[in-house]
Participant: 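There's a structure below that I have some questions on.
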Amino acid sequence: MSVQRSCKTGCQYTESRYMEQTLLLIKQCLLNDRASQKQLYNQYAEVMLGVCFRYTKSVADAEDVLQEGFVRVFKNLHQYKQEGEPGAWIRRIMVTTALNYLKRNAKYQYDLAFDNTVMHPVTDENPEIQLSTKELTSLIQQLPTGYQTIFNLHAVEGYSHVEIGGLLGISDGTSRSQYARARSLLISWIKKNYSDNKLQSYAK
Amino acid sequence: MPSEGFENKVREKMAELALSPADAVWEKVEATLPPKDKSRPWFILLIFFVLMTAGLIWLWQNDVSRKKPSFDSTAIAKQPALINHPAGNGDGAVATAKEEHLLLSEKESPDSIRLSNAVTGRTIMNPSDKSSLNAGWQEGLSGDHAVKARRRNIISKTRARVRSKLEAPAPEAEEESTGFTEKTGNETAVSETSGVQKADTTAVSKTDNKKQDAQNEDRLADKAKVTLTKKQQSKKWILSLVAGAGISNTKSGLFQKSSAYAFNFQNSIGGQTSAAPPLSVAISTTPSLSLAAGFSLEKAISEKWNLETGMTYSYQSDKMGVGNSVDSPATIYLKNKSIIVGNYYRYGNEVQYKNSFHLIQIPMLVKYRPSSTLPVYAEAGPVLSYLLHTNALVYDRRSVYFTDKRIFNKAGLSFAAGAGINLAKITSLPLSLGYRFNYSVSSVTKAPFTKQHLISSMFFISVPIKK
């Protein structure tokens, strides 16, 4: 059974059809066809802005990362091997661009300092997430930048700690420790948020 | 190891995160993208052709300026010693020198104008030059009848050649002949041959005056006849063989970079209608070889304007990357009908497919020659075409490339424009070289297929075979 995919106008595409369309679009982008470049941008901009937003603290910063990321996408489009899903390739570029942005931007420099003092065991807690996507994103954004980055890379993007260590120039142990603290903080905030909501509903 | 339950929940939530970026983001991205590539092979070829033409004109003008001062009759007349060779028989030397001059003048004047003026040299002779010539030549012509006879023989041979040239059809030469006749009063335009001929004429004038007067009258009558013939011939069609080679491509528009080979409405293959919206998928084609051969008919309508028509077989092609061929019948459902194709190609880039078009073209061009002295011309006009055969593939939005003769327009209208150079005017080669750009105004594909236009850029060679 083929996987259905929705386009912006609500139409249904099969996964293979969607892939072919995107590959054709990329082919045209490589010919420096402006309309196709715009189409490719429109196809991925919203999702990629979400990715960028998770790594930054504001929409404005996320848009800066998105712009920088798409410039790199079009510049390096010839390197895309047309094997995997183009979205995944673009996403990797966005993540790398976001990390470079954080390293470069003074606003994020202080929070991005990773220490390796205490090892934090990863708890087995698995609380129910009754938050909306935006609320959860807001909570992740409240984490210190270092925690936020490692949490995003591991929990959302699925990078291993070894890979994260390579990306950020830290040891995998530091990455594990930072992730554990980030996870713990986030779970406590989610629990707090849940109890607050419960109290509010009782009050009503 | 902790369960991944929490991470999975976060991942699911985050997958839904999508934010609309501000319009300014794309504007900033676009500003950093390389500018659209405006350079087209057509422009490069046009520049090349313009440079080539300019170079040929420059060479031609240099050649003319080098030839013009090569001989001056007055100078010869004033220096008889140069011709009257001191060694051996002086008369013989004079005759040989004159022969050489005659031959030289024939070589240097490829058309009949200068020779015809040589025959009628007397009429344009400057009296002062004439006397000095007489004085000079008389020394070498002192009463030797044998030499006189030989001289007469040379003159009669030259006249015969002139007559044969006058009678021989050469429209360009005749055209110039008329122009030259108008200038006969201008002494600076007198050729070296005419100078020699003048001397000859003067030398024999004492004995053959009456006879020559009669002959001159005949020649004037001949010239009038030739001018009349030329006028008649200008109304005739000139038949030429034409051949050309260049490159061609298919575009969705004149200034479009790529072709769009897609349907622009809902369709399906094998009866399965796709739910996706209408989509025009741009497919890039690369230019490929184009050839043309046929004949052209040209007719002068005024001094500067000519009409050109004819019939040309034209082969045009372009290349595109497609997937592997599938030798299985497929039904393509169009809006009101369906087409069954024997085989089709999948989407991909495994096979380099050549779309070829075989056409018969009838140009109806207007040629403009900016100057009678410059051998260049510009041409433009409509071209009627008929598609004999094509194997061009059309892209179905379900990623299938197929071809069928029913989806192409047989008749078409193109617009051609170009320029060329008439080598016959500057060399002994009876050729015309030209460049022609052809754009099919009408689409080669029928509705509802996306419009496709053939573009060709060719260099032509034209050889007149009959007037």
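Per chain, numbering begins at 1; letters A, B, ... match sequence-line order.
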Participant: Check the angle between the aromatic planes of B/Trp26 and A/Phe74 and answer parallel, tilted or perpendicular using the 30° and 60° thresholds.
Facilitator: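 The rings of B/Trp26 and A/Phe74 stand perpendicular, inter-plane angle above 60°.
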Participant: Atom CE of B/Met14 and atom CZ of A/Phe53: how far apart are they, to the nearest 0.5 Å?
Facilitator: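 Answer for the CE-CZ pair, B/Met14 versus A/Phe53, is 10.0 Å.
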Participant: Roughly how far apart are B/Leu19 CG and A/Thr137 OG1, rounded to 0.5 Å?
Facilitator: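 The distance works out to 8.0 Å.
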Participant: Which region of A/Leu25, side chain (C-beta onward) or backbone (N, CA, C, O), has a non-hydrogen atom less than 4.5 Å from a non-hydrogen atom of chain B, or is it both or neither?
Facilitator: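 Contact with chain B involves no heavy atom of A/Leu25 at all.
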Participant: Out of curiosity, A/Arg54 CZ to B/Leu17 CG, how far, rounded to the nearest 0.5 Å?
Facilitator: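 That separation rounds to 6.5 Å.
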Participant: Determine, for A/Arg183 against B/Glu7, whether the closest basic-nitrogen to carboxylate-oxygen distance falls under 4.0 angstrom.
Facilitator: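 Yes, charged N to carboxylate O under 4.0 Å.
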Participant: How would you list, in number order, the residues of residues 59-68 of chain A that have a heavy atom less than 4.5 Å from chain B?
Facilitator: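 From residues 59-68 of chain A, the residues near chain B are A/Glu63, A/Leu66, A/Gln67.
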Participant: Against chain A, label B/Ser20 side chain, backbone, both or neither, depending on which of its atoms sit under 4.5 Å from a heavy atom there.
Facilitator: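 Interface part for B/Ser20: both.
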Participant: Is it the side chain or the backbone of A/Lys75 that comes within 4.5 Å of chain B heavy atoms, both, or neither?
Facilitator: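 For A/Lys75, there is no contact with chain B at all, as no heavy atom is under 4.5 Å.
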Participant: Measure distances from B/Ala22 to the heavy atoms of chain A and classify the residue's part below 4.5 Å as side chain, backbone, both or neither.
Facilitator: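 B/Ala22 touches chain A through backbone and side-chain heavy atoms alike.
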Participant: Is B/Glu12 in contact with chain A via its backbone, its side chain, both, or neither, using a 4.5 Å heavy-atom distance?
Facilitator: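 No part of it gets close to chain A.
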Participant: With sequence neighbours left out, write down each residue that passes side chain to side chain contact (heavy atoms under 4.5 Å, CB included) with B/Lys354, or none if nothing qualifies.
Facilitator: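 For B/Lys354 the side chain to side chain contact (heavy atoms under 4.5 Å, CB included) partners, ignoring immediate neighbours, are B/Ser288, B/Tyr315, B/Ser317, B/Lys319.
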Participant: Restricting to salt bridge (charged side-chain N to carboxylate O under 4.0 Å, His left out), what partner residues turn up for A/Lys192, sequence neighbours left out?
Facilitator: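 Salt bridge (charged side-chain N to carboxylate O under 4.0 Å, His left out) check on A/Lys192 returns A/Asp196.
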Participant: Does anything in residues 14-25 of chain B pair up under salt bridge (Lys or Arg N to Asp or Glu O under 4.0 Å), and if so which pairs, sequence neighbours excluded?
Facilitator: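 Matches after skipping sequence neighbours: none remain.
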